Structures are given as structure tokens and as C-alpha cells.
There are 2 protein chains.
Amino acid sequence: MDEKIISARTLRRLPVYLHYLNSIQDHCRNISATAISEEFGLNDVQVRKDLNAVSGTGRPKTGYVVTELIAQIESVLDCRTESKTVLVGAGNLGKALLSYEGFRDFGLNIIAAFDNSPTICGTLVNGKPVLPLTDLETVCREKHIQLGIITVPASQAQEICDRLAACGITAIWNFAPTILRVPAGVLVENENLASSLAILSKHLRAEKGGAPT
Amino acid sequence: MDEKIISARTLRRLPVYLHYLNSIQDHCRNISATAISEEFGLNDVQVRKDLNAVSGTGRPKTGYVVTELIAQIESVLDCRTESKTVLVGAGNLGKALLSYEGFRDFGLNIIAAFDNSPTICGTLVNGKPVLPLTDLETVCREKHIQLGIITVPASQAQEICDRLAACGITAIWNFAPTILRVPAGVLVENENLASSLAILSKHLRAEKGGAPT
DNA sequence: TCCTGATCGTTAAACTTTTCACAATTGGAA
DNA sequence: TTCCAATTGTGAAAAGTTTAACGATCAGGA
């Protein structure tokens, strides 16, 4: 029952801390929030509050025990538990994500991909089967899929999202450049590459045209 | 000189609006902020304030002229202007991004990729050359590269970031699960897939173990 | 033993973003 | 023409996030 409410902002920083802690655990027993904050250019109180949300075992003058902190963050993030996943939309981006092995480190296991193009259906991408979209519901229900990755065009994203939610999927990773509406209890995480590019593009434009302040 | 300060949050929503406006422009002359807000499940005042940041030409009872709005958002985002880009780290994720053609729509032009693995250097990925990392500075300076995509492991990300910044690159798209420190004037946009997975994973865990509220 | 300084944890202040409340405007119908 | 309902735009409140201030704690040396 020591479940504290962790803000999304904090949750996003935890994997960053975790990665850093793993990288230093061989040669550091203890680490202070101040040191972490300096490593990443953050405010030290912010780091302390983030760590407090998962730990609360820091000691003055010493800091935190690195291995404890790692265990506590891993427990909160729960990367060890495998998340059964389907990917919908085996276009360029979809295939790219299917080919990316890095997700395994975070417990993501893509069982199958779906697409409605007959030319790609039936093929394997990185050893993972691409199935016709009509099979989506059957597979999701039978395999007890928990997470869905959406890489279809924005115009179809909401429909796919509805179908996934109807199969009992409660977490959706959306790469389409749109905002999805979901029933209560379903979480959508938007990985909107267009939004990121908008920020970068705006910055480049400001650099060129305007004040270089 | 009608440059208003646009918050990053607003800027992230603009591409979403833009995509939607493009999809309706054939059958709608006008659109109200209220309608947009309902489409995406946002607050109507928020949409109105977002649109105000780029336009300010809404009329009571009518709303906004779709084509005007599109032109204004496109002008702010400036997706039409090509951004010369390099990608550093041609591993799985790097190759996946190189293969993704969707970036062209946003004005992103990846000129070359860099890696220090001899087996991949000299090859082409999706028609783009993979060059040895030692050539990074030369190419960036000669081709006047503006944007750098970092897809190397977290442990090398800061070093690559420093090298890119030293070549005059002012915008960095970071896919490594770490926070980068950059000189003033350089913008880092983090696309931290680990952070996103952390959010999703936490949600799945909460669903299973705890209160389904 | 006692002091010093690093570090933690917490409360309050500053800042940012979102939501609420409401007056002002406008097109269209009665 | 007059009224109504839809819609905008804005100032203020609310909610959320980050930063600052400060007392409490503790390891290590004098």
C-alpha cells in the first residue's frame, strides 16, 4: 500500500534516472540527488522529489544506495513483466518499429502486426507475422493482448483505436498524428513525431529569420 | 512582426489541428473552435487560445475560415522549408528511421547517416549513405546541416551531441534515453521511447494489480 | 565529544497551463 | 427590424509543475 501517486512528468524522468544508475552501479555505492541533478542539468529538489515518489530512503550526507534505487524504480516501472502487444499498420513506420529490437529491453513483446494490404499480409517482418486486419479481434482476445501500437494513417487511427479498446486493450501507443478518444480506463500515449518536428522546425526558423537571442 | 510567443504545448497541438483541417477542407468552408475541441476531446477555450496564437481571425457564429487557418498554421510550422538533417547511429532504430519516408512530409531531408561500425559504413539504407563517424564534422560543415538525429546508445549520446553542436547544428532530435546538455541556442527535442513505455507499463500494472477505478 | 558541511525533506513561493465565467459580436429566423 | 443562439475573446480562478528557502539529519574529522 505504499503506492504513491506519481505524476506523469516524474514517471517520464524515472527511466532516465534508471539508465544512469545502471551505468554507474559498478563503481558507485551511493549517489546524491544533487549529483544526479548536475548530471542532467535539472534542479536538485526536483530530482529529490522524483526519487521520493518511489523511494524515500535517502540519508543526509550519504545520498541514496544505488542498488536500492535501481530496484525501486524497476519495481515501479515494472519493465521486467512482459507486455503482450500488437501493432496495427505495417507501413513504413510500422515495419520500422517491428524491426526495432530495442523494445524487448522494456518488456515489450510484439506478438503480431495487422494490415489490410493483401501484398503485405501473410509475410513476416523481423520474424513477426503480418495478419489481415479482420483477424485483429480474434487474436487480441485469444492471446490476451494488453497493449496496442497504432501506426496507421491518422484518418483510420480512431477506428482502430475503438476496435482495440473493444477487445479489452487498456493501453495504446499512438504514432498517428491525431488525438484519440478512448473510454475511461484506457490510456493513450502519443508519440507524435509531427509534433516533435514542429517544435524543431519552429526553432530552426526562429534561428534563421529572427532574433538570435 | 506579428510573431506571438507560442508555448511549446500549443506548438505540439498545432500539427494535430493542421492534419484535421486538411482532412476536412474539401467539404467545410468554416470551422468553429468548439467543433475542433469536440473532435479531439479538448477544452474549447484551449483550442481558441491555440488558434489565437497563430490567427486571431475567428468570427462569432461562423468560426474560422478553414483555408486561412491552414495557411496560418503552415506558415508558423514552416513544414515546407526543407531541413537538412543527419542521423547518427545506424543501429536498429536508426535504420528504422532512415527507412521511414513519412518525414519528408514535414520537410525533413536526411542527407546521410553516421556510424562507427565498419560493417555498416559504406552501405546504403533506403538510398541514404552510411558514413564513418569520423566524417561527421566535415559533412555537417560542408552541407550546412541544421538538424541532427541521435540514435546512438545513451552512453554515447552526450558526446555526439557535443560534436553536433560544435558544427553549428542548432536543433537535435534525441532518441537516446538520456537528457542532453547543450549550449544556449541549441534546442533538444527528446523522443524518449523508454519514457513512453514507462507510462504505458505503469498503467498496465495499475490495471492488473490495483484499483480499476 | 563536538563541530562542520553535505545532503535530505518539506513548506511556501513562482511560474505555467488549463478551465471557468461572462461580456461582446454576429448571422439568421421570426 | 428584433430577437435568439452560436461563437469568439478575455480576464480571473484553478490546477499542476518547478524553483527557492530553510530547518533537520548525519558522516567524518578536529
Side-chain angles (χ1 to χ4, degrees), chain A residues 2 4-14 16-17 20-21 24 28-66 68-69 72-73 179 181 187-188 190 192 195 198-199 202, chain B residues 2 4-14 16-17 20-21 24 28-66 68-69 72-73 179 181 187-188 190 192 195 198-199 202:
Chain A
D2 58 344
K4 299 172 193 170
I5 291 149
I6 303 179
S7 82
R9 294 290 183 89
T10 293
L11 208 45
R12 260 171 220 287
R13 283 186 291 264
L14 290 180
V16 176
Y17 300 153
Y20 174 65
L21 294 170
I24 62 162
C28 296
R29 267 191 72 77
N30 300 293
I31 184 86
S32 75
T34 317
I36 296 178
S37 74
E38 276 166 11
E39 171 72 21
F40 294 116
L42 302 172
N43 181 287
D44 62 324
V45 179
Q46 186 170 65
V47 175
R48 221 165 277 132
K49 285 191 173 168
D50 287 345
L51 297 184
N52 250 232
V54 299
S55 169
T57 60
R59 309 183 63 194
K61 189 79 179 181
T62 314
Y64 302 79
V65 179
V66 175
E68 271 181 30
L69 221 41
Q72 286 157 337
I73 296 178
I179 294 171
R181 311 199 63 178
L187 179 75
V188 175
N190 291 300
N192 197 329
S195 288
I199 303 259
K202 180 76 167 57
Chain B
D2 58 346
K4 299 173 192 171
I5 291 150
I6 303 178
S7 81
R9 294 289 183 91
T10 293
L11 207 47
R12 260 171 221 286
R13 283 185 291 264
L14 290 179
V16 176
Y17 301 152
Y20 174 66
L21 294 169
I24 62 162
C28 296
R29 266 191 72 75
N30 300 295
I31 182 86
S32 74
T34 316
I36 297 179
S37 74
E38 275 164 12
E39 171 71 20
F40 294 117
L42 302 173
N43 181 286
D44 63 324
V45 179
Q46 184 170 65
V47 174
R48 218 165 280 131
K49 286 191 172 170
D50 286 345
L51 297 184
N52 251 231
V54 300
S55 169
T57 60
R59 307 183 64 191
K61 189 83 179 179
T62 315
Y64 302 78
V65 179
V66 175
E68 271 181 31
L69 221 39
Q72 287 158 336
I73 295 178
I179 295 171
R181 311 199 64 179
L187 180 75
V188 175
N190 290 299
N192 197 331
S195 288
I199 304 260
K202 180 76 168 56

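As the structure is a computational prediction, the values presented were derived from the model and not from experiment. Proteins come first, then strands; the chains are lettered A, B, ... in the order of their sequence lines, and each starts at number 1.
Taking Ala35(B) as the reference, Ile31(B), Ser32(B) meet the side-chain contact (heavy atoms from CB on, under 4.5 Å) condition, with sequence neighbours excluded. Residues satisfying the side-chain hydrogen bond (donor to acceptor under 3.5 Å, both in side chains) criterion with Thr62(A), sequence neighbours excluded, are absent altogether. Taking the side-chain hydrogen bond (donor to acceptor under 3.5 Å, both in side chains) definition, one finds that Thr10(B) meets it with Ser7(B), Asp50(B), sequence neighbours left out. Partners of Asn30(A) according to the side-chain hydrogen bond (donor to acceptor under 3.5 Å, both in side chains) rule, which considers only residues two or more places apart in sequence or in another chain, do not exist here. Taking Gln46(B) as the reference, nothing meets the side-chain hydrogen bond (donor to acceptor under 3.5 Å, both in side chains) condition, with sequence neighbours excluded. Residues forming a side-chain contact (heavy atoms from CB on, under 4.5 Å) with Asn192(B) (at least two apart in sequence, or on another chain): Val16(A), Pro177(B), Ala194(B), Ser195(B).
Applying the salt bridge (Lys or Arg N to Asp or Glu O under 4.0 Å) rule to pairs touching residues 28-43 of chain A yields nothing, sequence neighbours excluded.
Taking atom CZ of Arg29(A) as the reference point, atom P of dA27(D) lies 13 Å away to the nearest angstrom. Atoms CD (Gln46(B)) and C1' (dA15(D)) sit 13 Å apart, rounded to a whole Å.
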Treat primed atoms plus P, OP1 and OP2 as sugar-phosphate and everything else as base, then score nucleotides 6-12 of chain D 5' to 3': B for base contact with protein heavy atoms under 4.0 Å, S for sugar-phosphate contact only, - for none.
-> BBBBBBB
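Reading DNA chain C from its 5' end, the first and the last nucleotide to sit under 4.0 Å from a heavy atom of chain A are dG5(C) to dA12(C).
Ring geometry for Tyr17(A) versus Phe40(A): interplanar angle of 30 to 60°, hence tilted.
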